[in-house]
Amino acid sequence: MIKNADQIFILLQHWVMSFFPAALQPIVGVLLAVVAIICVFPGLFAVAVLLERKGLGRMQNRYGPNRVGPLGILQPVADGLKSLTKEDIVPASADAVVHFLAPVFLVVIVFMGYAVLPMGRNMALVNMDSGLLFFFAMGASTELSVFMAGWSSRNKYSLLGAMRAVAQMISYEVPLLLSSLVVVMMTGSMNLTRIVAAQNQYTWGLPHWYIFTPWGVAAFLLYAIATTAESNRSPFDLPEGESELVAGYFTEYSGFKFALFFLGEYVGMLSVSGLGTTLFLGGWSAPFQFLWWVPSWIWFFSKVMLSICVFIWLRGTLPRLRQDQLMNFAWKFVLPLSLLNLFVAGLWRFLGEGLARWGVCSAILLVAYVVMARVGMHKEDFGPRSYRYAE
Amino acid sequence: MFGEGILKGLAETARNFVGSFVSAERLTTVQYPEERIAPIEATRDFPFLVYDGADWEAGLRCVACQICEKECPPKCIYIEKSVDKKPDYTGRPQIYPKRFDIDISVCMSCQICVEVCPFEAIKMDTEFELSTTDRFGGLLYDRKELAKSNEHYHKIHPTEAAEVDARLAEEKAKAETKAKAAAEAAAAKAAAATAATAAPTESKAGGGSQA
């Protein structure tokens, strides 16, 4: 019974597949999984948007949307209907083909990343050996879509937003990869299913998640910073800074194309949350051994939604960075720390079992953090700026 | 310096988040169509015409002097004078407006009409839910739509209305005493005249006695 609840989606898939001839069964199975992903994640997108609007409201002592349906839970439906029925405007001087392709490309690329995410026991669409690499390749392609949108709109705000987006996303791509590399070093595999399996072990009822190691915490924090920047979320939302650039690269989009950008952003956020969960939070494994009987997919999706809540919390708290702070932070703080973290992870591996490696690794990371923060603040790299002529 | 500012900020937003569910005074939003707060006394939007008594047509204070029409900066008031006269609040026969229209789509709520009116006949209303499906006729208010009782005025601007009433009562009293004095003077003059014509000998006699 418990096993069936855990595998319910796999069993459903096999049940539907059994209606088809044997030759068609693999294709039908894949199609079913794809359709499931394409249905579930936009649903989660709607939930995330509602959570965000209500949560931000509460953080600012407002009610948030509470008009459509009981407690406003049908607000995403109203938003969707609104964006579907709005006029789709393409600027006369825009490059119409690229302008049309950009949102489509973004959504397609963002959904591709889900192919390798294990969303539960045996619930990865493709069990790819280079799954992590595939995910990052897809993640990096979103920059292309952003630049397509900004360039083809032929609008100065769009172009500025796109320029900022490309600069920011390429800068944070490097620490993103380097911070996840430690996991690959430890597991010895880029297969996400095997990364989760490696974390799905327990000592004294506690899991072997990578976040419970010094290098794991550091890598997780760096990963969180880099993904926040990658998904253009506050405090790194310069590419769409609405107070400066109208809406950044999607200024010239309206109607459903705008909704697709919105969808792409949130689905991308969900996918990087899923990857963070997979790499550091044990994927679909239970947080305590005695909770093993809860279906694995429940753990995966609750961890993802928890990450979304943290994203929302950060957005409600932090003000937007300045462009120079953003770049300095990426190249002078996050990147050196993630490089050092690679070294620390290697040290952890070769120091062997015991308390010594805990002390040594934590000490190195803490000292590096303190020294770099001090130096950075002292040199005004990420501290308050002093003006030479103004003031 | 080491990120503790971020933690402090996160704690603050978390406090707000939880606090908004726990304490009602954090949520200052008034959920408008269901909840309302009384407008402050100085609220104003569009003008209305004050009438005394029960019948709006008979009680209109306006005497169609057209000062407001001339002073109105966006020229949104249209007045047509009557040819006959009706008694006003002091009882004097006055001209009244046969037509008094305000185009509230043009009105800019400047209150100049109120300030120039010598008869306290036009005042500012506080009614703000004025949406209509007819943007031409529906926003051109005629005499009947504009006429509102003095009680309504007392309800929306109590202090101001009390002052206006006191001033009007004073004026009326002054007018009455003046009228009475005039009447008395006229009576006295008439009496004196009759006395003078009737008894010239008396005065002569008086003069004689004085001499």
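What you are looking at is a predicted structure, and each value in this text was computed from that prediction instead of being measured. The figures that follow rest on heavy atoms only: side chains count, while hydrogens, waters and symmetry mates do not.
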A.B. asks: How many angstroms lie between CG in B/Leu27 and CZ in A/Arg58, if you round to the nearest 0.5 Å?
C.D. replies: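 Separation between the atoms: 5.0 Å.
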A.B. asks: Tell me whether the count of non-hydrogen atoms from other residues, nucleotides or ligands lying under 6.0 Å of CZ in B/Arg135 goes above 12.
C.D. replies: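 Counting neighbours around CZ of B/Arg135, 12 or fewer heavy atoms of other residues, nucleotides or ligands fall under 6.0 Å, so no.
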A.B. asks: Holding to side chain to side chain contact (heavy atoms under 4.5 Å, CB included), I want the full list of residues that pass it with B/Gln31, two or more places apart in sequence or in another chain.
C.D. replies: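 Side chain to side chain contact (heavy atoms under 4.5 Å, CB included) check on B/Gln31 returns A/Tyr63, A/Asn66, A/Arg67, B/Glu34, B/Glu35.
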A.B. asks: Can you list, pair by pair, the side-chain donor-acceptor contacts under 3.5 Å of residues 70-81 of chain A, counting residues two or more places apart and other chains?
C.D. replies:
residue	atom	partner	partner atom	Å
A/Gln75	NE2	A/Asp79	OD1	3.2
A/Asp79	OD2	A/Arg53	NH1	3.0

A.B. asks: Please indicate whether B/Lys174 has more than 12 foreign heavy atoms, meaning atoms of other residues, nucleotides or ligands, lying under 6.0 Å from its NZ.
C.D. replies: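 No, NZ of B/Lys174 has 12 or fewer neighbouring heavy atoms, counting only those of other groups under 6.0 Å.
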A.B. asks: Can you confirm whether more than 12 heavy atoms, excluding those of B/Lys86, are under 6.0 Å from its NZ atom?
C.D. replies: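 It does: B/Lys86 NZ has more than 12 such atoms within range.
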A.B. asks: With chain A as the partner chain, list the residues of residues 6-20 of chain B whose heavy atoms fall under 4.5 Å from it, by residue number, and write 'none' if nothing qualifies.
C.D. replies: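 Counting heavy atoms that sit under 4.5 Å from chain A, the residues of residues 6-20 of chain B involved are B/Ile6, B/Gly9, B/Leu10, B/Thr13, B/Ala14, B/Asn16, B/Phe17, B/Ser20.
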A.B. asks: Can you list the residues that meet the side chain to side chain contact (heavy atoms under 4.5 Å, CB included) rule with A/Cys309, with sequence neighbours excluded?
C.D. replies: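 Expected list: A/Leu51.
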